[in-house]
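Computed over heavy atoms, backbone and side chain alike; hydrogens, waters and symmetry mates excluded.
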Amino acid sequence: MADAKVIPFGEEPRSRRKTKRPGRGGRRTALAPVPEPRRQDGPEQPAGAAGASLEQRIAGGLRFLRRRLTGEYEVDDFGYDEELTDQVLMSVLRPLYEKYFRVEVKGIENIPADGGALIVANHSGTLPLDGLMLQVAVHDHHPADRHLRLLAADLVFVLPVINELARKAGHTLACAEDAQRLLERGEVVGVMPEGFKGIGKPFADRYKLQRFGRGGFVSTALRAGVPIVPCSIVGAEEIYPKIGDAKTVARLLGFPYFPLTPTFPWFGPLGLVPLPTKWTIQFGEPIPTDGYPAEAADDPMLMFNLTDQVRETIQHTLYKLLVQRRSVFF
């Protein structure tokens, strides 16, 4: 039986094709085998292939869950879980940041690309959403992908669930020792010196800075030799307009205040929904501290002057941003 002649599918008969001169040596180049799909650990975004992108996200999510279940993740000695913060906590806060409050960020380049820095911001809004939005702003906009480590009040670390989430997000107790350790390790640390007096002030006192404590943040920056970056936040004051304070309820619950707003507690849980104000976060020019001698941290006059300089810078910027603002909500 004669050998069968195999005609590959998809090719025209030889008689209809134009004759091509074979390469040197008279050999015809063999077809290369189809390569197997290449595995990638990182996210893949092939052009026009939304399905593949979804598959990559699902695969990444499954790998993330496996690491959480098996304990194959790292936290630092403060409890900070960078992977959980990047992949979960920031993803949860980002819609609130981008779509609800529509935060506009200015002066992000004033935060150093490396080394320690102390961001000092005003505090307002009845609930500390301003600190969380500040953390997202640094995380998402800084060109060097820096992370903000916030100093929080004692109350945060005694509340169930909130305590654990705050630690995982990189927050730590607002004390000089922890702040100095973080700064000396080259971290960007955030502090809001007004404390409860700032966040819990009446709506009538909005955008009027309260006392900045005793200037402890200046002493910490001087000891670590890091710059101080003033930060002004506009928009947070109006999310929960505080028109009253149920002090008896606050004492019973162990809170510094129990706010009464136009919606809370009258509308129940719905009263906890913040008003959709338009936010602006502006980082001012850094104030260097590395030029001072070591004993400068113990000079009360110097600390007073630097504290006043930071406070006046933030207050002046707040007034300027308020003049430029078209509306509370737009």
Taking the basic N atoms (NZ, or NE/NH1/NH2) and the acidic carboxylate oxygens, is any pair closer than 4.0 Å for [X] and [Y]?
{"X": "Asp77", "Y": "Arg181", "answer": "yes"}
{"X": "Arg68", "Y": "Glu83", "answer": "yes"}
{"X": "Glu72", "Y": "Arg66", "answer": "yes"}
{"X": "Arg149", "Y": "Asp178", "answer": "no"}
{"X": "Lys242", "Y": "Asp205", "answer": "no"}

Which residue is it: Glu238, Gln315, Glu237? I am looking for the one with a side chain to side chain donor-acceptor pair (under 3.5 Å) to Tyr207. Glu238
So, does [X] use its side chain to make a donor-acceptor pair with the main chain of [Y] at under 3.5 Å?
{"X": "Lys278", "Y": "Arg102", "answer": "yes"}
{"X": "Thr172", "Y": "Phe78", "answer": "no"}
{"X": "Thr280", "Y": "Glu104", "answer": "no"}
{"X": "Asp245", "Y": "Phe258", "answer": "yes"}
{"X": "Asn122", "Y": "Ile233", "answer": "yes"}
{"X": "Tyr257", "Y": "Thr126", "answer": "yes"}
{"X": "Asn110", "Y": "Gly284", "answer": "yes"}
{"X": "Thr220", "Y": "Gly216", "answer": "yes"}
{"X": "Thr85", "Y": "Lys168", "answer": "yes"}
{"X": "Asn305", "Y": "Met301", "answer": "yes"}

In Å, rounded to the nearest 0.5 Å, how long is the span from CD of Gln324 to CD of Gln282? 7.5 Å
Do the non-hydrogen side-chain atoms of Met133 and Phe101 ever get within less than 4.5 Å of each other? yes
Look at the aromatic rings of Tyr97 and His141 and report parallel, tilted or perpendicular, splitting at 30° and 60°. tilted
Can you confirm whether the side chains of His139 and Asp145 place a donor and an acceptor under 3.5 Å from each other? no
Under a 3.5 Å cutoff, is there a donor and acceptor pairing between the side chains of His171 and Gln135? yes
Establish whether [X] and [Y] are linked, either directly or via other cluster members, by ILVMFWY side-chain heavy-atom contacts under 4.5 Å.
{"X": "Leu165", "Y": "Leu96", "value": "no"}
{"X": "Ile239", "Y": "Leu260", "value": "no"}
{"X": "Val120", "Y": "Leu318", "value": "yes"}
{"X": "Ile314", "Y": "Ile199", "value": "no"}

Kindly check if the number of other-residue, nucleotide or ligand heavy atoms within 6.0 Å of CZ (Phe304) is above 12? no
